[in-house]
Novice: 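Mind having a look at this structure? Questions to follow.
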Amino acid sequence: MHPVWPWKQKQLDNEYWKMRPGKVLSGNAIFVLCIASFLAGSLFTSRTWTQYKDNNHNIPISNPDDHFTNLAKITTDCDHNKRKLVEGESVDIMGEVTKTHLALQSLDKTISALEMELAVARTSKSDEDEQNNKLELGASNHSLQKAFVVIGINTAFSSKKRRDSLRQTWMPTGAKLKKLDKEKGIVIRFVIGHSATTGGVLDKAIDAEEDEHQDFLRLNHVEGYHQLSTKTRLFFSTAISTWDASFYVKVDDDVHLNLGMLVTSLARHRSKPRVYIGCMKSGPVLSQKGVKYHEPEYWKFGEEGNKYFRHATGQIYAISKDLAAYISINSPILHRYANEDVSLGAWFIGLEVEHVDDRSLCCGTPPDCEWKARAGNVCAASFDWSCSGICKSVERMKDVHTTCGEGDDAVWNVHL
């Protein structure tokens, strides 16, 4: 509080006494005045409330229970709207995810289409360049070597004795092998990749064998039994980029061939653009793990116990030039199953391809092939179904060749 000076305080007291009434009310007067004020107030309140009721007789009087009911309803509506908002946001998010997924699928298809067009363009340009080289340089060293058939013998690092058994029986060697290339257009090569350790002992052994015999086709591929589908695909791609042939044949190194009969059979289909030749079969799809030829993707072939679609058995089969080119161009997108013969059949199942079931390509070993030869039906290929090749082929190949062979001069007498 601010201090008050004495002279100021005196002035205030004088003014106060001037403002006081001249006469002080008694206690009774004050009491009567209070009673009168109370009665007047009561009368005024009663009239006002009566008029309010007359004017608002339709307005209901609030009930506390109704307040709680309305509050619960408002809360429920709020929760419902909140839930609708969250669900709406969830639907919007899922919709955006779906749109993004579809956009990625469309982009993937576009990229695949562009890759296909690029591969075709490269192939077309390669063919155009080859034709230009022929026109300008004649028989240029850059053009592919012409051939009637390229026979690739699938082999492995551990199969040197098998390779030697073939060189000693139905497969020409040295100068005869080169002569067969040039005069008959029949190219024969052992097909092998490289080891996991490039330049290791296994690779050096093959290098030494190649220096001696000059009968290998090396692939940019790591050898392995479970990689046969990839190896088969690479063989056809490599072969068609090396030789311009009418047919390409894959055969295992434990199968006996009669070359004259083989090329004669192939020549019958020379005019066909897309032909797939072999002993067509439809074996069971093996879903049990641990068994030989187990198919991990068995569910793609329908119910358990179903069979594969028709395809050539894996011991030997032949395809025409157009199909080899198809494999080469579409190599990145060709699905590979566990079994290479199934993979090859799958690559052709949706194409306009003629499947030729040639039973001369799957004769049994003696006495089967011997009886057929005596009847004038010389077999093109012989093996044992139970072994998926000639059982103990290193020891028995010479006997099979002696009994079922067509003669060493047969292939030279074939006119292609």
Side-chain angles (χ1 to χ4, degrees), residues 147-156 159-192 209 212-217 235 239 245 247-267 277-279 313-318 358-374 376-385 387-414 416:
F148 171 69
V149 60
V150 176
I151 302 173
I153 306 172
N154 183 43
T155 192
S159 300
K160 185 178 186 303
K161 291 184 178 180
R162 286 187 178 185
R163 292 191 290 273
D164 288 338
S165 71
L166 300 189
R167 293 181 181 119
Q168 295 166 6
T169 53
W170 62 263
M171 179 179 175
T173 58
K176 289 185 177 180
L177 183 64
K178 294 180 179 179
K179 183 180 179 181
L180 197 64
D181 286 5
K182 293 180 180 180
E183 296 186 7
K184 292 296 183 180
I186 301 173
V187 179
I188 306 174
R189 296 290 187 273
F190 287 108
V191 180
I192 195 167
E209 196 173 342
E212 180 181 358
H213 298 284
Q214 299 291 308
D215 56 4
F216 279 92
L217 174 63
F235 160 63
F247 294 97
Y248 298 86
V249 175
K250 175 264 177 181
V251 62
D252 290 338
D253 61 4
D254 55 357
V255 173
H256 179 269
L257 287 187
N258 281 320
L259 291 174
M261 187 62 191
L262 174 64
V263 296
T264 299
S265 298
L266 294 177
I277 306 170
C279 284
T313 186
Q315 288 82 357
I316 180 174
Y317 45 73
D358 188 345
R359 308 314 289 183
S360 71
L361 293 174
C362 53
C363 295
T365 56
D368 181 55
C369 60
E370 181 181 8
W371 292 342
K372 291 177 180 177
R374 289 180 180 178
N377 300 318
V378 178
C379 294
S382 300
F383 58 87
D384 297 311
W385 283 101
C387 297
S388 298
I390 296 177
C391 299
K392 299 180 179 179
S393 64
V394 174
E395 295 82 6
R396 295 182 59 219
M397 186 63 70
K398 186 174 291 185
D399 292 336
V400 174
H401 183 65
T402 301
T403 306
C404 299
E406 62 187 354
D408 294 340
D409 295 332
V411 67
W412 299 102
N413 296 326
V414 175
L416 298 175

Novice: Is Lys250 reaching over with its side chain to a backbone N or O of Phe235, donor-acceptor style, under 3.5 angstrom?
Specialist: no
Novice: So, using ring-ring contact (aromatic ring centres under 6.0 Å, His included) as the criterion, who are the partners of Tyr248 when residues are at least two apart?
Specialist: none
Novice: Report yes if some heavy atom in the side chain of Leu259 is under 4.5 Å from a heavy atom in the side chain of Trp170; otherwise report no.
Specialist: yes
Novice: Run Leu180 and Ile188 through side-chain contact (heavy atoms from CB on, under 4.5 Å) and show every step you take.
Specialist: CA-CA 9 Å; Leu180 197 64; Ile188 306 174; 3.9 Å; yes
Novice: For Arg396, which residues count as a salt bridge (Lys or Arg N to Asp or Glu O under 4.0 Å) partner, sequence neighbours excluded?
Specialist: Asp384
Novice: Report the distance from atom OG of Ser382 to atom CD1 of Ile390, rounding to the nearest 0.5 Å.
Specialist: 7.0 Å
Novice: According to side chain to side chain donor-acceptor pair (under 3.5 Å), does anything in residues 176-185 pair up with another residue at least two apart or in another chain? List the pairs.
Specialist: Asp181-Arg189
Novice: Looking only at non-hydrogen atoms, find the nearest pair between Ala381 and Val255 and report the distance.
Specialist: CB-CG1, 4.1 Å
Novice: Quick check for you: to the nearest 0.5 Å, what is the distance between Ser388 atom OG and Gln315 atom CD?
Specialist: 5.0 Å
Novice: I want to check something: taking the side chain as every heavy atom from C-beta on, are Val150 and Val249 in contact at a cut-off of under 4.5 Å?
Specialist: no
Novice: Under the rule for ring-ring contact (aromatic ring centres under 6.0 Å, His included), what residues qualify as partners of Tyr317, not counting sequence neighbours?
Specialist: none
Novice: Under a 4.5 Å cut-off applied to non-hydrogen side-chain atoms, are Ile153 and Met171 in contact?
Specialist: yes
Novice: Who passes side-chain hydrogen bond (donor to acceptor under 3.5 Å, both in side chains) against Thr173, sequence neighbours left out?
Specialist: none
Novice: Find the distance between CD1 (Ile151) and CG (Leu257) and round it off to the nearest 0.5 Å.
Specialist: 6.5 Å
Novice: Nearest heavy-atom pair of Leu266 and Ala318: which atoms, and what distance?
Specialist: CD2-CB, 3.7 Å
Novice: Sequence neighbours left out, what passes side-chain hydrogen bond (donor to acceptor under 3.5 Å, both in side chains) with Thr169? Give chain and number order.
Specialist: none
Novice: Which pair of non-hydrogen atoms, one from Asp358 and one from Ser265, has the smallest distance, and what is that distance?
Specialist: OD2-CB, 3.7 Å
Novice: Are any of the side-chain nitrogens in Arg163 or Asp215 under 4.0 Å away from the carboxylate oxygens of its partner?
Specialist: no
Novice: Applying salt bridge (Lys or Arg N to Asp or Glu O under 4.0 Å), name anything that partners Lys160, two or more places apart in sequence or on another chain.
Specialist: Asp164
Novice: Provide the closest heavy-atom pair for Ala156 versus Asp253 in the form atom of the first, atom of the second, distance.
Specialist: N-OD2, 4.3 Å
Novice: Pick out which of Lys392, Met397, Lys398 makes a side chain to side chain contact (heavy atoms under 4.5 Å, CB included) with Glu395.
Specialist: Lys392
Novice: Should the SG of Cys404 and the SG of Cys379 be checked, would they turn out to be under 2.5 Å apart?
Specialist: no
Novice: Who are the ring-ring contact (aromatic ring centres under 6.0 Å, His included) partners of Phe190, not counting sequence neighbours?
Specialist: Phe216
Novice: What pairs with Glu406 under side-chain hydrogen bond (donor to acceptor under 3.5 Å, both in side chains), at least two apart in sequence or on another chain?
Specialist: none
Novice: Decide yes or no on salt bridge (Lys or Arg N to Asp or Glu O under 4.0 Å) for Glu212 and Arg167, but give the supporting numbers first.
Specialist: CA-CA 12 Å; Glu212 180 181 358; Arg167 293 181 181 119; over 6 Å; no
Novice: Quick one: side-chain hydrogen bond (donor to acceptor under 3.5 Å, both in side chains) partners of Ser165, sequence neighbours excluded?
Specialist: none
Novice: Thr155 and Ser159: which non-hydrogen atoms are nearest, and at how many Å?
Specialist: OG1-CB, 3.6 Å
Novice: Could I get the full list of ring-ring contact (aromatic ring centres under 6.0 Å, His included) partners for Trp385, not counting sequence neighbours?
Specialist: Phe383
Novice: Output the distance between atom SG (Cys363) and atom CG (Asn377), rounded to the nearest 0.5 Å.
Specialist: 8.5 Å
Novice: With rounding to the nearest 0.5 angstrom, report the CD1 to OG distance, Ile316 to Ser360.
Specialist: 8.5 Å
Novice: Dump the intermediate steps for side-chain contact (heavy atoms from CB on, under 4.5 Å) on Asp368 and Lys372, then the final yes or no.
Specialist: CA-CA 6 Å; Asp368 181 55; Lys372 291 177 180 177; 3.4 Å; yes
Novice: Under a 4.5 Å cut-off applied to non-hydrogen side-chain atoms, are Met261 and Val263 in contact?
Specialist: no
Novice: With sequence neighbours excluded, what pairs up with Asp408 under the side chain to side chain contact (heavy atoms under 4.5 Å, CB included) test?
Specialist: His401
Novice: For Asp252 and Asp254, indicate whether the former's side chain and the latter's backbone hold a donor-acceptor pair under 3.5 Å.
Specialist: no
Novice: Would you kindly say whether the two SG atoms, from Cys362 and from Cys279, are closer than 2.5 Å?
Specialist: yes
Novice: Strictly distance-based, threshold 3.5 Å: is any side-chain N or O of Thr403 a donor or acceptor partner for the main-chain N or O of Asp399?
Specialist: yes
